[in-house]
Amino acid sequence: QVQLVESGGGMVQAGDSLRLSCAATGRTISGTTMAWFRQAPGKERDFVAAIFRRGYSPVYASNVKGRFTMSRDNTKNTVYLQMDSLQPEDTAVYYCAADSRIILSSLRLAESYDYWGQGTQVTVSS
């Protein structure tokens, strides 16, 4: 069992930056695929970024690539999402997800993940 707790959300203006954190307890994340998803009001939960277990580079959704950076600190059992050049369309609840059995081809699918955090709100005003 893995418990995930996100933090770092808030209200910012377009062009600002935020760093989200996701702290995991109950299991080490070093061999676990970790991901970030987001969900805007009335929309589906969309893939943002993921790191497939250890030794892989992060992968990103096309609409955040070059602006968002995902990293993991296995010593702190925490993953991060650095979000730069935020835009109003980035407004959403951001969720951290984890799964140790996911396959690479399913990395971007929300239904592939068994463990989720409670989410943290990010609001970007123009």
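All values derive from a computational prediction rather than experimental measurement.
In this model, no donor atom of one side chain and acceptor atom of the other lie less than 3.5 Å apart for Gln87 and Ser85. No hydrogens or angles considered: nothing links the side chains of Asp73 and Thr78 as a donor-acceptor pair under 3.5 Å. Using modelled atom types and a 3.5 Å distance limit, the side chains of Arg72 and Ser30 yield no donor-acceptor pair.
In terms of modelled atom types and a separation under 3.5 Å, the side chain of Asp84 and the main chain of Ser17 share no donor-acceptor contact.
Val48 and Phe52 end up in different hydrophobic clusters when Ile, Leu, Val, Met, Phe, Trp and Tyr side chains are linked at under 4.5 Å. Residues Leu107 and Val2 do not share a hydrophobic cluster, clusters being chains of Ile/Leu/Val/Met/Phe/Trp/Tyr side chains in contact below 4.5 Å. In this structure, Leu20 is not a member of the same hydrophobic cluster as Val59, with clusters built from ILVMFWY side-chain heavy atoms closer than 4.5 Å. Taken together through direct or relayed side-chain contacts under 4.5 Å among Ile, Leu, Val, Met, Phe, Trp and Tyr, Leu104 and Phe47 form part of one hydrophobic cluster. In this structure, Leu86 is a member of the same hydrophobic cluster as Met70, with clusters built from ILVMFWY side-chain heavy atoms closer than 4.5 Å.
In the displayed structure, Gln3 atom CD is contacted under 6.0 Å by more than 12 heavy atoms of other residues, nucleotides or ligands.
Considering only heavy atoms from C-beta on, Ile29 comes within 4.5 Å of Asn74 through its side chain. With contacts defined as side-chain heavy-atom distances shorter than 4.5 Å, the pair Leu81/Leu18 does not qualify. Within the 4.5 Å cutoff, no side-chain heavy atoms of Val124 are placed close to those of Met83. When side chains are defined from C-beta on, Ser21 does not count as touching Glu6, because their heavy atoms never get closer than 4.5 Å. A 4.5 Å side-chain heavy-atom check between Thr28 and Asn77 finds at least one atom pair inside the cut-off. Proximity of Arg27 to Ser100: side-chain heavy atoms (C-beta onward) are separated by under 4.5 Å at one or more points. Between Arg53 and Met34, every side-chain heavy-atom pair lies at or beyond the 4.5 Å cut-off. The shortest distance between side-chain heavy atoms of Cys96 and Val79 falls below 4.5 Å.
What you find for Ala92 and Ala40 is that their closest heavy atoms are CB-N, 3.8 Å. In this structure, Gly119 and Val93 approach most closely via the heavy-atom pair CA-CG1, 3.8 Å. Across all their heavy atoms, Ser126 and Ala14 have their closest contact at CA-CB, 4.3 Å. Summarising the geometry of Ala49 relative to Tyr60, their closest heavy-atom pair is CB-CD2, 3.6 Å, with the distance given to 0.1 Å.
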Item checked: Steps toward side chain to side chain contact (heavy atoms under 4.5 Å, CB included) verdict (Gln118, Leu4) -> CA-CA 8 Å; Gln118 82 288 349; Leu4 304 172; over 6 Å; no
Margin query: Using the rule given for side chain to side chain contact (heavy atoms under 4.5 Å, CB included), can you reason through Arg101 versus Asp114, listing the C-alpha separation, both sets of side-chain angles and the distance that settles it, and then say yes or no?
Written below: CA-CA 9 Å; Arg101 300 171 297 175; Asp114 283 343; 2.6 Å; yes
Item checked: side chain to side chain contact (heavy atoms under 4.5 Å, CB included) assessment of Thr91 paired with Gln121 -> CA-CA 8 Å; Thr91 295; Gln121 177 71 46; 4.0 Å; yes
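Residue pairs meeting the ring pair (Phe, Tyr, Trp, His ring centres under 6.0 Å) criterion with at least one partner in residues 64-103, sequence neighbours excluded, do not occur; the list is empty.
Centroid-to-centroid, the aromatic rings of Phe37 and Tyr113 come within less than 6.0 Å.
The OG1 atom of Thr120 sits 7.5 Å away from atom CH2 of Trp36, with the distance rounded to the nearest 0.5 Å.
Asp99 is linked by a salt bridge (charged side-chain N to carboxylate O under 4.0 Å, His left out) to nothing, counting only residues two or more places apart in sequence or in another chain.
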